[in-house]
Amino acid sequence: QKDYDTNHKKFEQVVFPKHVNLNVGGQRFATSLANLQKYPLSFFGRMFSQKWMITPDATGEYFIDRNPKHFGRIVDFLRDGVCEVENEKERVELQKEAEYYGLDALIELLSRVEKEVSRIIRGTTSSEVVHKR
């Protein structure tokens with residue numbers, strides 16, 4: 001019991017910096033702690049809560065072993081709730097990353113984009129155009 005209490009007290013004393021440096025697959029990103037904690041049930045919300053015992057490396061960065069290709073867009077989404085994708089391949093790749101990070105709001109946004117693109121594509125077939133006239 002004593003060891004548990006000691007460890008539990010150490011665990012409660014984790015203080016994160018207001019600005020967080022992340023190393024994602026060797027590429028560096030910086031954002032605010034508030035952005036990372038915006039979705040408490042996400043990977044980041046849990047990582048930067050009192051639930052995970054995580055500390056930065058010697059350079060002051062938190063390492064995430066993930067491909068950084070779409071991480072800038074993930075951070076942009078955390079900042080302002082907007083995510084732009086260029087094409088369906090990119091949308092699928094980004095959705096995979098959103099699923100990994102547990103960002104349900106981004107998954108929903110990307111799903112709406114998929115449905116809208118699908119509707120637009122279906123709406124441009126010749127049979128659809130004829131019915132619209």
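Not measured: the values here are computed from a predicted model.
- Rounded to the nearest 0.5 Å, atoms CZ (Phe77) and NE2 (His70) are 15.5 Å apart.
- Here the side chains of Phe29 and Asn21 are not in contact, with every heavy-atom distance at 4.5 Å or above.
- At a threshold of 4.5 Å between side-chain heavy atoms, the hydrophobic network of Ile, Leu, Val, Met, Phe, Trp and Tyr places Leu41 and Trp52 in two separate groups.
- Taking CG from Leu78 and OG from Ser42, the interatomic distance works out to 7.0 Å, rounded to the nearest 0.5 Å.
- Side-chain heavy atoms closer than 4.5 Å link hydrophobic residues (I, L, V, M, F, W, Y) into clusters, and following such links, possibly through other members, connects Tyr62 to Met53.
- Within a 6.0 Å radius of CG in Asp57, other residues, nucleotides and ligands contribute more than 12 heavy atoms.
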Problem set entry | Step-by-step side-chain contact (heavy atoms from CB on, under 4.5 Å) determination, Val85 to Leu110 | CA-CA 9 Å; Val85 293; Leu110 293 168; 4.1 Å; yes
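- For the pair Asp76 and Arg73, the salt-bridge criterion is not met [side-chain N within less than 4.0 Å of a carboxylate O].
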Exercise. Passes side-chain contact (heavy atoms from CB on, under 4.5 Å), Phe48 versus Val20? Steps please.
Worked result: CA-CA 10 Å; Phe48 293 97; Val20 178; 3.7 Å; yes
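- Side-chain atoms of Glu108 do not come within 3.5 Å of backbone N or O of Asp104 as any donor-acceptor pair.
- Under the 4.5 Å side-chain criterion, counting only non-hydrogen atoms from C-beta, Leu36 is in contact with Leu22.
- Put simply, Leu103 and Leu33 are part of the same group of oily side chains (I, L, V, M, F, W, Y) that touch within less than 4.5 Å, one to the next.
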For this session: Mind running side-chain contact (heavy atoms from CB on, under 4.5 Å) on Ser111 and Gln95 for me, showing each step along the way?
Result: CA-CA 8 Å; Ser111 293; Gln95 185 155 348; 3.7 Å; yes
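- In terms of hydrophobic clustering, with Ile, Leu, Val, Met, Phe, Trp and Tyr side chains grouped at heavy-atom distances under 4.5 Å, Tyr39 and Ile54 are assigned to a common cluster.
- To the nearest 0.5 angstrom, Ser32 atom OG is 8.5 Å from Gln37 atom CD.
- Within the model, atoms CG of Leu106 and SG of Cys83 stand 5.0 Å from one another, a figure rounded to the nearest 0.5 Å.
- Electrostatic pairing of Glu97 and Lys69 does not count as a salt bridge here, judged by no charged N lying under 4.0 Å from a carboxylate O.
- Sorted by first and then second residue, the ring-ring contact (aromatic ring centres under 6.0 Å, His included) pairs involving residues 87-111 (not counting sequence neighbours) are Phe43-Tyr100, Phe43-Tyr101, Phe44-Tyr101, Phe71-Tyr101.
- Residues Val75 and Asn35 have side chains not in contact (no heavy-atom distance under 4.5 Å, counting atoms from C-beta outward).
- Note that CD1 of Ile74 is 12.0 Å distant from OG1 of Thr31, once rounded to the nearest 0.5 Å.
- A salt bridge links Arg91 and Glu88; the closest N-O separation between the charged side-chain nitrogens and carboxylate oxygens is under 4.0 Å.
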